[in-house]
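For clarity, every value in this text was computed on a predicted model and none was experimentally measured. In the text below, chain A, chain B and the rest are named by the order of the sequence lines, each starting its count at 1.
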Amino acid sequence: MTDSRFEARFDPGQADERWQRAWDDARCFEADSNSTKPKSYVLEMFPYPSGRIHIGHVRNYTMGDVLARYKKMRGHEVLHPMGWDAFGMPAENAAMEKGVHPGGWTRDNIANMKAQLKRIGFALDWNREFATCDPEYYGHEQALFIDLFNAGLVYRKESTVNWDPVDNTVLANEQVIDGKGWRSGAEVEKRKLNQWFLKITDFAEELLDGLGDLENWPDKVRLMQENWIGKSQGLEFSFDLSNGEKLPVYTTRPDTIFGASFVAVAADHPVAQGTAAGNGDAQAFIELCKRGGTTAAELETAEKLGYDTGITAKHPFTGADLPVYIANFVLMDYGTGAIMAVPGHDQRDFEFATKYGLPIPRVVAASADDAAKPFAGEAEAGEGVLVNSGFLDGMDVDTAKREVISRIEAQGSGAGKTVWRLRDWGVSRQRYWGTPIPFIHCDKCGVVPAPKDSLPITLPEDVDFKTPGNPLVRHPTWKHTKCPECGGKAERETDTLDTFVDSSWYFLRFASQPGDKPFDRDEIAKWLPVEQYIGGIEHAILHLLYARFWTRALAHIGLIDVKEPFASLFTQGMVTHETYSRKTGGREVFYSPAEVDRGGESAVLKDGGEPVEIGRVIKMSKSKKNVVDPDEIIARYGADAVRWFMLSDSPPERDLPWSEAGIEGCWRFVQRLWRLFGQYEEGATGEDKALARKSHQTVDAVASDIEALSFNKAVARLYELTGAIEKAQPSASRNDAIRSVLLMASPMMPHLAEEAWQSLGSGGLISEAAWPEVDEALLVDDEVTIAVQHKGKLRDTLTVAKGLPKDELEALALASDKVQRSIDGAEVRKVIVVPDRLVNIVT
RNA sequence: GCGGGCGUGGCGGAAUUGGUAGACGCGCUGGUUUUAGGUACCAGUAUCUUACGAUGUGGGGGUUCGAGUCCCUUCGCCCGCACCA
């Protein structure tokens with residue numbers, strides 16, 4: 001019964017590219033800023049141009065694409081742009097390893113990856129494409145940076161970097177492995193440099209409060225940001241030290257002050273520095289702290305170490321002399337860089353006190369009776385009542401906090417204080433491949449911003465990467481310039497900006513890209529905020545917080561009117577794959593899926609047939625070789641099967657395990673749909689009420705699924721409806737249902753859909769068509785299936801008219817043979833009836 | 001270490017406010033069509049049990065007429081930790 005206009009099989013090899021060209025020719029996905037339609041800005045996190053599109057990108061962009069195409073079908077003017085996060089370290093690493101220029105390497109990668117994206121058929125507005133390494137883009141970024149400087153949001157201060165003494169280079173955290181430089185293997189040192197900072201802490205309160213309005217962000221992301229910002233109410237007070245100095249400390253647990261058994265300062269705290277002067281042992285200890293990791297994770301997992309300064313601090317209430325230690329777990333940039341340590345009620349202090357034999361007094365207990373209860377090998381950080389604490393005894397934790405703060409304030413030795421965990425954003429990078437920081441150092445005038453008409457300050461092309469270190473510093477001419485203030489000899493800043501700055505406003509530039517300024521305020525007002533932002537959960541904190549901050553900062557200085565850039569956020573999972581490996585000579589060798597023949601339970605090498613071990617399903621990575629190349633898959637199965645796979649089965653926020661069998665199944669479904677569309681019978685008449693109902697219910701449900709980004713559910717519903725249509729006899733209802741499936745599948749399998757749309761003789765492109773209408777009357781079923789339980793266990797089901805009253809349901813349930821057999825004459829004590837759902841009989 | 005998340009058949013997963021656990025797909029088993037087939041179609045597929053039935057959502061405990069869903073506890077895996085993007 002196959003329609004003659006349909007070939008036996010859908011051939012993506014000839015169809016995909018043809019339709020991609022048709023979309024380009026019709027310019028269907030170009031966003032019109034002057035449109036009067038409701039707007040939808042759909043954005044996926046733009047990729048770093050590493051060279052190849054990764055299957056994870058394909059998943060991310062397919063989700064956004066389905067939403068963008070769907071919104072267009074619902075009559076929205078859609079902005080769905082794409083660009084390149086093109087600055088960063090990998091380009092410099094490639095330059096060092098392969099002798100290529102970072103710019104050329106990046107441009108080649110972009111060209112490759114763009115071609116790859118085109119082959120997947122994404123509905124992108126390529127007119128708005130840019131790369132952050134375009135001088136035009138980073139020139140505007142330099143202008144914005146100067147604006148923020150003029151608004152007092154940019155400053156310089158000393159801060160610590162990882163220094164590789166052999167390569168004479170600053171290392172990123174990921175380049176430090178076990179405290180050693182990844183290339184040189186040299187012991188990494190901490191070194192202080194003058195660096196540029198953005199005052200994100202000025203916005204801490206705003207960024208925290210703003211989270212409350214981001215209702216369409218995942219709760220987990222909001223919670224992570226809240227914890228990261230880390231507002232805490234505590235007490236800052238000063239200890240009188242035995243050397244006559246005062247030592248300010250900050251604590252969030254002033255209630256436990258009677259449990260303080262020592263005081264600790266960070267290695268770079270002035271008290272530590274003072275102790276080290278003329279004290280070799282203290283100096284050695286501070287040196288020890290300077291080695292090793294800089295990251296919070298390393299600091300906190302490292303063994304707690306300390307050095308007794310010999311100084312003591314006088315307890316403000318008991319007058320006791322507490323020893324002052326230099327400790328490796330105290331951070332200089334949180335609070336005052338010094339703490340009162342309460343080992344009984346803080347785990348880090350507990351470990352330290354145990355190691356150094358310091359007292360561990362209990363000052364909080366479950367009840368006053370437990371005042372002498374020993375600790376069970378760890379600190380107790382929870383709630384309770386105060387004990388062994390003088391005037392605080394018997395109070396709860398909150399009351400005691402307030403009491404201590406007011407007494408300290410009365411003494412005049414301190415005050416209640418709000419402290420934030422959030423630190424200012426250090427944006428200096430001692431690297432070439434980034435946005436040059438637009439400032440000029442003049443001996444006479446100091447650090448002055450470059451004149452705006454000198455922007456962009458572009459990177460020099462003639463650089464070499466044979467010598468380690470920043471090529472901008474050793475370039476013969478680049479940094480030499482004139483001071484814009486006095487006209488005298490001066491030098492350019494050679495630091496470049498963190499690439500997180502580039503990604504903090506690219507979504508604005510997509511919406512509006514005038515040549516003479518970063519963006520047009522009115523156009524931003526039209527397009528922003530982004531309706532739906534989609535990206536990886538790994539960006540939950542840094543990128544998303546920086547972008548929120550940068551947007552607020554621009555609003556603060558009056559350049560834009562939007563404060564939150566992303567109205568709705570979705571974080572998708574990774575694409576994973578099992579690993580294949582063989583142990584040869586004690587070494588594990590990994591093989592790529594392409595090298596392996598995968599049977600039901602086992603796998604063997606294609607070349608040679610030796611068995612390989614099938615490993616866990618993990619994130620795709622080059623080192624484990626468990627990667628699949630989107631290009632190869634598309635060449636084999638076409639773009640639509642790959643897109644369908646990306647949407648099927650796994651909920652989008654969870655990991656998606658790639659499997660060969662899975663893509664085969666998708667390929668078969670593409671063909672099954674193709675046959676279904678061929679079964680559209682011109683002129684078929686007659687009504688099929690059940691099918692019509694199923695079809696309209698599916699259209700309604702798939703629409704809500706797509707809007708909720710629950711693509712796996714939408715896919716399951718399309719399978720179901722397809723099955724129902726295949727079983728039905730030809731009718732007008734059936735034709736209508738086939739047409740609905742075609743339209744519903746079109747955002748997911750656009751090439752197949754265009755081909756079928758054309759074959760059915762529908763005019764124009766399906767990409768320009770409207771979403772099918774839903775007949776509300778068909779959404780409600782008139783019969784429901786009721787579960788009948790006895791003592792909470794299912795005994796029978798009943799099919800009854802919808803809305804049947806409770807007493808009738810109860811009577812029907814009790815009349816059931818199966819139920820009576822289960823009750824077996826016992827006394828019915830209670831019957832619970834949930835209309836249209838269930839009856840539960842309790843005996 | 002701290003913060004956040006996840007855990008349901010052989011596999012991916014589905015399951016309004018607590019209300020028929022396993023929809024849908026993959027795989028597997030049997031059959032039909034085909035010269036053949038890696039295609040298509042039909043039937044079956046949580047576990048135990050001959051059956052009646054019992055058990056079952058990482059483990060243990062609790063609340064409830066009723067728990068995958070709520071509470072406590074425990075184990076495993078994943079993400080982030082400020083210079084990877």
Side-chain angles (χ1 to χ4, degrees), chain A residues 9 45 47-48 50 85 87-90 161-162 170-176 195 200 218-221 223-228 230 294-302 304 329 333 347-348 351 421-431 498-500 502-503 536-543 545-546 571 573-574 576 600-601 616-619 648-651 653-657 659 661-666 668-669 671-672 675 712-713 715-720 723 726 785-797 821 829-832 834 837-843:
Chain A
R9 280 169 92 75
M45 292 177 185
Y48 178 79
S50 56
D85 190 12
F87 275 137
M89 286 200 309
V161 294
N162 301 310
V170 176
L171 299 177
N173 283 337
E174 71 159 12
Q175 297 174 319
V176 181
Q195 307 207 70
I200 190 171
D219 287 341
K220 61 178 171 184
V221 175
L223 194 55
M224 279 191 264
Q225 291 213 351
E226 185 182 324
N227 291 335
W228 185 262
T294 38
T295 69
E298 285 170 311
L299 287 175
E300 283 173 44
T301 46
K304 309 280 175 286
F329 66 94
D333 31 4
Q347 186 58 29
R348 292 162 299 183
E351 286 169 29
R421 209 187 75 100
L422 183 68
R423 308 198 297 257
D424 275 338
W425 176 12
V427 293
S428 276
R429 297 292 180 271
Q430 293 71 38
R431 282 186 241 290
D498 181 5
T499 56
F500 272 128
D502 309 334
S503 54
I537 185 66
E538 66 273 20
H539 295 292
I541 298 176
L542 292 182
H543 161 59
L545 191 63
Y546 291 148
T571 55
M574 300 175 298
T576 56
E601 305 270 294
R616 279 195 317 125
V617 175
I618 54 169
K619 179 180 183 171
S648 305
D649 292 353
S650 285
E653 69 277 12
R654 271 202 243 165
D655 290 350
L656 170 69
S659 81
I663 184 71
E664 290 277 356
C666 292
R668 285 200 296 270
F669 186 67
Q671 299 303 340
R672 185 174 157 202
R675 288 193 299 277
N712 57 321
K713 295 188 211 168
V715 161
R717 290 186 213 283
L718 284 172
Y719 275 121
E720 245 179 297
E726 284 167 344
T785 306
I786 302 285
V788 184
Q789 299 177 332
H790 173 221
K791 292 196 284 192
K793 297 228 160 98
L794 184 73
R795 299 296 161 185
D796 202 0
T797 56
R821 219 182 310 143
R829 289 191 297 149
K830 195 172 170 188
V831 180
I832 290 139
V834 183
R837 284 216 156 268
L838 65 62
V839 180
N840 187 14
I841 294 152
V842 187
T843 57

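- Residue A/S648 is out of contact with every strand shown, counting any heavy-atom pair closer than 4.0 Å.
- The A/R837 side chain lies nearest to B/U16 when the options are B/U16, B/G13, B/C65.
- Checking B/G13, B/C83, B/G19 against every side-chain atom of A/R654, the shortest atom distance belongs to B/G13.
- With B/C26, B/G12, B/A85 as the choices, the nucleotide that has an atom nearest any side-chain atom of A/E538 turns out to be B/A85.
- Using a 4.0 Å heavy-atom criterion, one finds that A/V161 contacts the bases of the nucleic acid, with or without backbone contacts as well.
- Comparing B/C84, B/C78, B/C65 by their closest approach to the side chain of A/K830 singles out B/C65.
- Of the candidates B/C81, B/G25, B/C83, the closest approach to any side-chain atom of A/L542 belongs to B/C81.
- No engagement by A/S659 is indicated, since no non-hydrogen atom pair under 4.0 Å with the nucleic acid exists.
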Taking only N/O atoms, report every protein-nucleotides 40-49 of chain B pair under 3.5 Å with atom names and distance.
none

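- Nearest heavy atom pair, residue A/N840 against residue A/K791, reads OD1-N, 3.5 Å.
- The CZ atom of A/R795 sits 10.5 Å away from the CD1 atom of A/I841 when rounded to the nearest 0.5 Å.
- The residue A/Q430 sits close to a base: some heavy atom pair falls under 4.0 Å.
- Among the protein residues, A/R421 comes within range of the nucleic acid bases, having at least one heavy atom under 4.0 Å from a base atom.
- In this structure A/E726 satisfies the salt bridge (charged side-chain N to carboxylate O under 4.0 Å, His left out) test together with A/R672, sequence neighbours excluded.
- Side-chain atoms of A/D796 do not come within 3.5 Å of backbone N or O of A/V788 as any donor-acceptor pair.
- Comparing B/A82, B/G19, B/G3 by their closest approach to the side chain of A/V834 singles out B/G19.
- Base orientation of B/G9: syn, the glycosidic angle falling within 90° of 0.
- Of the candidate nucleotides B/A85, B/C24, B/A15, B/A15 has the atom lying nearest to any side-chain atom of A/K713.
- Within 3.5 Å, no donor on the side chain of A/R717 pairs with an acceptor on the base of B/C24, nor the reverse.
- Using a 4.0 Å heavy-atom distance criterion, A/L422 is classed as a base contact.
- The minimum heavy-atom distance between A/Y48 and A/F87, with the atom names listed, is CE1-O, 3.4 Å.
- Of the possible donor and acceptor atoms, one in the side chain of A/S659 sits under 3.5 Å from a partner among the backbone N and O of A/G662.
- Of all nucleotides listed (B/C84, B/G4, B/G27), B/G4 comes nearest to the side chain of A/N227.
- Between the side chain of A/D655 and the backbone N or O of A/M574, at least one donor-acceptor pair lies under 3.5 Å.
- Checking B/C6 for Watson-Crick or G-U wobble geometry (two distances, each under 3.5 Å) identifies B/G76 as its partner.
- Annotation: side chain of A/I537 is in contact with side chain of A/V221 (closest heavy-atom distance under 4.5 Å).
- Using P as the reference atom, B/U39 and B/G30 are 16 Å apart when rounded to the nearest Å.
- Within 4.0 Å of A/A661, counting heavy atoms only, lie sugar-phosphate atoms of the nucleic acid but no base atom.
- Protein atom CG of A/L223 is 10 Å distant from nucleotide atom P of B/G3, rounded to whole Å.
- Nucleic acid contact class of A/Q789 (heavy atoms, under 4.0 Å, all strands): base.
- The same atom, P, is picked in B/G53 and in B/G7; the two are 33 Å apart, to the nearest Å.
- Between A/M89 and A/A716, the one whose closest nucleotide on RNA chain B sits nearer the 5' end is A/A716.
- Within the nucleic acid shown, A/P651 comes within 4.0 Å of sugar-phosphate atoms alone, with no base atom in reach, counting heavy atoms only.
- Using a 4.0 Å heavy-atom criterion, one finds that A/V715 contacts no nucleic acid atom at all.
- Nucleotide B/C81 forms a pair with B/G1, judged by Watson-Crick or G-U wobble geometry with both contacts under 3.5 Å.
- Checking side-chain atoms of A/D424 against main-chain N and O of A/I200 turns up a donor-acceptor pair under 3.5 Å.
- The number of heavy-atom neighbours closer than 6.0 Å to CZ of A/R348, taken from other residues, nucleotides and ligands shown, is 12 or below.
- The base of B/C65 is paired with the side chain of A/N840 by a donor and an acceptor separated by under 3.5 Å.
- Mapping A/F500 and A/M224 onto RNA chain B by nearest heavy atom places A/M224 closer to the 5' end of the strand.
- Taking only side-chain nitrogens and oxygens, A/R423 never comes nearer than 4.0 Å to OP1 or OP2 of B/A82.
- Residue A/R795 has a polar side-chain atom (N or O) positioned under 4.0 Å from OP1 or OP2 of B/A54.
- In this structure, A/L838 places its CG atom 14 Å from C1' of B/A21, rounding to the nearest Å.
- The side chain of A/R821 has B/G53 as its nearest neighbour among B/C83, B/G25, B/G53.
- Of all nucleotides listed (B/C78, B/A14, B/C83), B/C83 comes nearest to the side chain of A/N162.
- Partner assigned to B/G56 is none, using Watson-Crick or G-U wobble distances below 3.5 angstrom.
- Within 4.0 Å (heavy atoms only), A/H539 reaches at least one base atom of the nucleic acid.
- Residue contacts for A/W228: at a heavy-atom cut-off of 4.0 Å it reaches a base atom on one of the strands shown.
- An OP1 or OP2 oxygen of B/A85 is reached within less than 4.0 angstrom by a side-chain nitrogen or oxygen of A/T499.
- A/I541 has its CD1 atom 16 Å from the P atom of B/C2, to the nearest Å.
- Residue A/K793 has no polar side-chain atom (N or O) positioned under 4.0 Å from OP1 or OP2 of B/A54.
- The main-chain N or O of A/V427 is never found under 3.5 Å from a side-chain atom of A/Q195 such that the two would form a donor-acceptor pair.
- Contact annotation: the side chain of A/D498 approaches that of A/W425 to within less than 4.5 Å [non-hydrogen atoms, C-beta and beyond].
- Among the heavy atoms of the strands, none lies under 4.0 Å from A/E226.
- A/K304 has its NZ atom 9 Å from the P atom of B/G1, to the nearest Å.
- Within 4.0 Å (heavy atoms only), A/G426 reaches sugar-phosphate atoms of the nucleic acid but no base atom.
- In terms of phosphate contacts, A/N712 brings no side-chain nitrogen or oxygen within less than 4.0 Å of OP1 or OP2 of B/G25.
- Going from the P atom of B/U57 to that of B/U69 covers 9 Å, rounded to whole Å.
- Nucleotides B/U47 and B/G22 place their P atoms 14 Å apart, quoted to the nearest Å.
- The CD-C1' distance, from A/Q225 to B/C79, rounds to 15 Å in whole Å.
- Checking the phosphate oxygens (OP1, OP2) of B/C6, no side-chain nitrogen or oxygen of A/K220 falls inside 4.0 Å.
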